[in-house]
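Just so we're on the same page: letters track the sequence lines, and every chain starts at 1. Every heavy atom of this structure was used, including side-chain atoms; hydrogens, water molecules and symmetry mates were not. Just so it is clear, the model here is predicted, and its values are computed rather than measured.
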Number of protein chains: 2
Amino acid sequence: MNTCNCEGCELRSLFFENVSNSEIESICTRKTQFHYKKGEVIIQEGDEIQEFIYLKSGLVKLYRNGSNDKQQIICFALPLDFVSLLSIFSEKYYKYSVAALEDSVTCNINLDEVKSIASQNGKFAMSIMEKINKATDNILVDFLEVKQKRLFGRIAYILLYFSRKVYNSSSFELPVSRKEMAEYIGMTVENVIRTLSDLRKDGIIKINGPIIEIADEERLERISELS
Amino acid sequence: MNTCNCEGCELRSLFFENVSNSEIESICTRKTQFHYKKGEVIIQEGDEIQEFIYLKSGLVKLYRNGSNDKQQIICFALPLDFVSLLSIFSEKYYKYSVAALEDSVTCNINLDEVKSIASQNGKFAMSIMEKINKATDNILVDFLEVKQKRLFGRIAYILLYFSRKVYNSSSFELPVSRKEMAEYIGMTVENVIRTLSDLRKDGIIKINGPIIEIADEERLERISELS
DNA sequence: TGCCGATTATGATATATATCATAGCCTGAT
DNA sequence: ATCAGGCTATGATATATATCATAATCGGCA
């Protein structure tokens, strides 16, 4: 389980910049690491919040069960993101679930330990706060952006999101099903599929099985902006 | 300007629970208090973030300018809410605006001072973090709730929100225009107006000028839930 | 006082989106 | 190997929502 090398761990500079070496050592020896296969559930809505979970590699989705039995995807998280941060300091139980969209590895740190260090180390607490703020900020901005768009704009937006922010390439394997795209943008599966087809027919994207290639990024960008 | 009595101020217990008396005194003597008339802008998108702003009384809206020149209302804030918290620890400039929906009073505290106390006082930093988390959590939940509903459900939801969370009464003066309701739920003004008319025709609400009375809360609740 | 622009209101119509139906395909389970 | 179920896909249709047009009302302001 405990296979990573803490010496070169990016968490050290990313997260523990203001923490003393001895405290880091203590955390390091007690951290746990987990591997999840694509599709596996990492956090279940209702679970007690006991750990601070950091995504070392892979891709996950945060989602919740809407009132009408449909799932709603809240956001996606990339490596270097803190997965369990939404209500981690204000709630006792998770109000959302997390599942792996690709094979993923998490590094888990006991939450009480983090809290205890933070209580005694204001600079550390401030740096956590900053990161949590940035993360929720990004979620909110994406929400607002998606909200003001219509179907085509939303699809364009999410495609550009995966292309630019996740894979940094104009060609990539879509990590989500059409259904999950629908759950994120708040539209029906059929319309997601139809819209992708339309974009393909217009030569804006190419679809080869699970592979999406953005053929005309400029037009896709315009569609995203003009709704 | 500096008219409030810090002795009995709710901020003291709400916000400064872990701060020493001398630090509180120092903050108290330097805080500033501002009065805003209904409609006045409190924070302008792009302003530098210099103060920690706390709403003593009144009601405000947080909003931003969407890409298509339309405004989007992000959320409403009530007394005891911290108005300037969204990106306050992660950004240099406000990414949203704040305006008074009712005559409002704010208590402003120099942000550097708050930061400096937090850096030296982990417990205080943690308590801020908890409050920010709760606030953004609530915003997110409302977003998700509204997102999964259709027009009628969204209108019902916002009416119940004002009735229960803001005014604690089944009869209240709507603090927002139809246009602002539309900007919050992400629909057009005409449809907001039409929907309110329909609810009135069905006897579920009564409209007397700016006064809304929820006549059949149970049905309104059902509309909100069943979308 | 009277005018102007914004807000509320309503109707007619166009458009966007959801729903329902059907089918091929793939994958996992038996 | 076969079946069941989920995912992708597409079309027809119903419904929800936006857009456009018009008008009444209200409040600020010259």
Any donor-acceptor pair under 3.5 Å linking the side chain of [X] with the backbone of [Y]?
| X | Y | result |
| --- | --- | --- |
| B:N191 | B:T188 | no |
| A:R154 | A:I185 | yes |
| B:E217 | B:S170 | no |
| B:S163 | B:L159 | no |

Contact check, side chains of A:M181 and A:L196, non-hydrogen atoms, under 4.5 Å: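 SC-SC contact between A:M181 and A:L196 confirmed.
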Atom-to-atom span, [atom1] of [X] to [atom2] of [N] - whole angstrom:
| X | N | atom1 | atom2 | answer |
| --- | --- | --- | --- | --- |
| B:D198 | C:dT10 | CG | P | 9 Å |
| B:R178 | C:dA9 | CZ | C1' | 9 Å |
| B:R200 | C:dA9 | CZ | C1' | 9 Å |

Protein-to-nucleotide contact annotation, 5' to 3' order, nucleotides 22-30 of chain C [B base; S sugar-phosphate only; - none; under 4.0 Å, heavy atom]: ---------
Of all nucleotides in DNA chain D that come within under 4.0 Å of a heavy atom of chain B, which is furthest toward the 5' end and which toward the 3' end?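 Span of nucleotides near chain B: D:dA16 to D:dC20.
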Taking the cut-offs as 6.0 angstrom to the six-membered ring centre and 45 degrees off its axis, would you call A:K165 and A:F172 a cation-pi pair?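 No, A:K165 does not sit over the ring of A:F172.
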Give me the bend of the helix from C:dT1-D:dA30 to C:dT30-D:dA1, using the axes of the five pairs at each end, rounded to 10°.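 Rounded to the nearest 10 degrees, the bend comes out at 40°.
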Contact summary for A:V189 and A:A182, nearest pair of heavy atoms: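 Looking at all heavy atoms of both residues, the shortest contact is N-CB, 3.8 Å.
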Do you know the tightest heavy-atom contact between A:A77 and A:V83?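 Result for this residue pair: CB-CG2, 4.5 Å.
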Is any side-chain N of the basic residue among B:E190 and B:R194 closer than 4.0 Å to the acidic one's carboxylate O?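 Answer for the salt bridge query: no.
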Which part of the nucleic acid, if any, lies within contact of B:R154, taking any heavy atom under 4.0 Å across all strands shown: a base, the sugar-phosphate backbone alone, or nothing?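 No contact.
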Find which nucleotide of DNA chain D each of A:R150 and A:S177 is nearest to by heavy atoms, and output the residue with the more 5' nucleotide.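 The answer here is A:S177.
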With nearest nucleotide decided by heavy atoms, which residue, B:L151 or A:G209, maps closer to the 5′ end of DNA chain D?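 On the 5' side of the pair lies A:G209.
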OP1 or OP2 of C:dA9 under 4.0 Å from side-chain N/O of B:R194: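 The answer is no; no side-chain N or O of B:R194 sits under 4.0 Å from OP1 or OP2.
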Which residue, B:F162, B:Y161, B:F76, forms the ring-ring contact (aromatic ring centres under 6.0 Å, His included) with B:Y184?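 Among B:F162, B:Y161, B:F76, the one that satisfies the ring-ring contact (aromatic ring centres under 6.0 Å, His included) with B:Y184 is B:F76.
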Could you grab the distance from atom CZ of A:F143 to atom CD1 of B:I74, nearest 0.5 Å is fine?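 That separation rounds to 13.0 Å.
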